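Working notes, structure below.
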Protein chains: 2
Amino acid sequence: MGQADSLLPLIKDVAKAEQAQTLACQSCALYRLCLPLGLHREDLVALDQIIRRRDSFRRGQRLFESGCDLTSLYVVRSGAFKTTVSAKDGREQVTGFYFPGEFIGLDALHLNTYPSTARALELSSVCALPFDKLQMVSKSIPALQHQLLTRLSRALSDDKDLLLSLGQKSAEEKLVTFLIALSTRFSERGFSAYNFQLPMSRGDIANHLGLALETVSRIFTRLQQADLIAVQGKSLTLLQPEALQTKAG
Amino acid sequence: MGQADSLLPLIKDVAKAEQAQTLACQSCALYRLCLPLGLHREDLVALDQIIRRRDSFRRGQRLFESGCDLTSLYVVRSGAFKTTVSAKDGREQVTGFYFPGEFIGLDALHLNTYPSTARALELSSVCALPFDKLQMVSKSIPALQHQLLTRLSRALSDDKDLLLSLGQKSAEEKLVTFLIALSTRFSERGFSAYNFQLPMSRGDIANHLGLALETVSRIFTRLQQADLIAVQGKSLTLLQPEALQTKAG
DNA sequence: CGAACGGTTGACCAATATCAATTATAGTGG
DNA sequence: CCACTATAATTGATATTGGTCAACCGTTCG
């Protein structure tokens, strides 16, 4: 409850800190959502010393590209990213969207190259955790290893749910499930659960859900006509969350 | 080279050891594919002491069920398993198949309940790693933590590839991609890459790939008529692996 | 031996993709 | 700041892949 208070102004604080580029983990507004959760003070200091806070990425700019040498894991600091994997013929699949406090690059830990490409969806920034240093530091910080395991496991089980969507659900169910999941993530970050901006394009959403762009657009209008949501451009309002829930399958 | 020799008779050895139920990790034929890879001798002994080798599971028997308390991680010892997640209305998605040396339950690490259900596809056995003890032991064995991270990361990136299949590929491409992936996994386990048994039903394959059972059946016949594969029942031969590769998308 | 299950094959249909045209929105340079 | 252009989104008409329904065959197991 006191927690909710401290989460609410979360993103604004980070934005301020952006300018200074000096915010330590211990005073970062993302603390509760981020890697250092559960670390002791002295461990935090050790972690702080290896973290590099990177400049902003503009819309479309790449954080890393499939096939490049693995250098760092990243935690989103502000903005949003998407990752994609490609088939040999160039077809791409949007494999995930990433918001403040979330990890990018976990799927690369087992290789020395990134298997996916990460791009900023809007003006965004990250904290970079150089992989070699992270490995060294984490040996002496069990809680850090544990955080990594937890994050990976969470990511894995989220992907299993996405597999369920892609494999078994209708277009409408896919989209509604997706919107509800977004709503949850936004509210965890101190934003309204019912009114938020979609940082990704219709095309990105469609691709992510294995649909055609036009299908997504049509379903948006249909849901809007049924007064379940209100969309205009990137701005989305969930008007009847419970009714939506029943449409999620 | 010498490695291949030791892998080839791999499964037979495990089968023998099944009867004794006493095989230590250090002398297990799955060693190269399994968790203990890279552990020192003394660490192996510690690991051995927490591992419980479980009795066999018959076809269809559950290893654990969605919603049950998390007790153990499992490594397949012999046979094969599938995992499924369910929508509220009961629809299921087969989220993975698991062969000797592979982990089951990694998606549960972040919760205290399993998010998925695991069932044996044939007479199978596992090594169980009680979760609490695993956590204790792994604190003092960095290589073990590292193995877990690696496995999780690998699982995550495999799932991203599956998302690509489900989202972007045609029915035929999905199935061919799946068969090639199976082929790779079997050959890693010392079996022929071109001639193996499918432990799962057509329905399981179809569900896993987001297709109808009938579609899978039809594509099997089509590929067979094109002399790319030979199927009879569960037995599969890849007749033109390169030609198949080009059909995988 | 018969029932049950798993798999194959065929005919038909529907959901959603594709193609095409139009309208918003946003980014850019004067 | 506005006009212009490029990009994104919507909407409509049509096509197609793969799903559904149904009948049939083969194998396995009690």
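The structure displayed is predicted, hence computed values, not measured ones. Convention: sequence-line order gives letters A, B, ...; per-chain numbering from 1.
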With side chains defined as the heavy atoms from C-beta onward, is the minimum distance between A/L129 and A/L35 less than 4.5 Å?
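A/L129 vs A/L35: side chains touch.
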
Distance in angstrom units between A/N207 CG and C/dT18 C1', rounded:
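It works out to 16 Å between those atoms.
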
Give the rounded distance in Å between these two atoms: CG of A/L209 and P of C/dA17.
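Checked: the CG to P distance equals 11 Å.
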
So B/L211, base contact, sugar-phosphate only, or nothing? Heavy-atom distance under 4.0 Å.
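Sugar-phosphate, backbone atoms only, no base.
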
Across the strands shown, which category fits A/G60 at heavy-atom distances under 4.0 angstrom: base, sugar-phosphate, nothing?
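Here A/G60 touches no strand at all.
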
Polar contact flag, side-chain donor to acceptor under 3.5 angstrom, B/S116-A/K160
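Judged by distance alone, the side chains do not pair up.
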
Taking the nucleotide of DNA chain C with the nearest heavy atom to each, does A/A171 or B/V231 sit closer to the 5' end?
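Between the two, 5'-proximity favours B/V231.
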
Hey, what's the ring geometry for A/F186 with A/F99, parallel, tilted or perpendicular (30° and 60° as the breaks)?
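Geometry flag for A/F99 against A/F186: tilted rings.
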
Identify whether the distance between the nearest side-chain nitrogen and carboxylate oxygen of A/E102 and A/R189 falls below 4.0 Å.
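Answer for the salt bridge query: yes.
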
Can we say A/D204 and A/K82 salt-bridge, meaning some charged N sits less than 4.0 Å from an Asp/Glu carboxylate O?
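Salt bridge present between A/D204 and A/K82.
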
Side-chain N or O of B/T221 less than 4.0 angstrom from OP1 or OP2 on C/dT9?
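For B/T221, the contact criterion (side-chain N or O under 4.0 Å from OP1 or OP2 of C/dT9) is met.
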
Strictly below 4.0 Å: does A/T215 bring a side-chain N or O up to OP1 or OP2 of C/dA15?
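No, A/T215 has no side-chain N/O under 4.0 Å of OP1/OP2 on C/dA15.
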
Give me the distances for all protein-to-nucleotides 19-27 of chain C N/O pairs that come in under 3.5 Å?
unit_1	atom_1	unit_2	atom_2	d
C/dC19	N4	A/E214	OE2	2.9

A/S66 (side chain) donor-acceptor with A/T117 (main chain) under 3.5 angstrom:
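No: the side chain of A/S66 does not pair with the backbone of A/T117.
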
I want to verify a distance call: between D/dT10, C/dG7, C/dT16, whose nearest atom is closest to the A/S170 side chain?
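The answer is C/dT16.
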
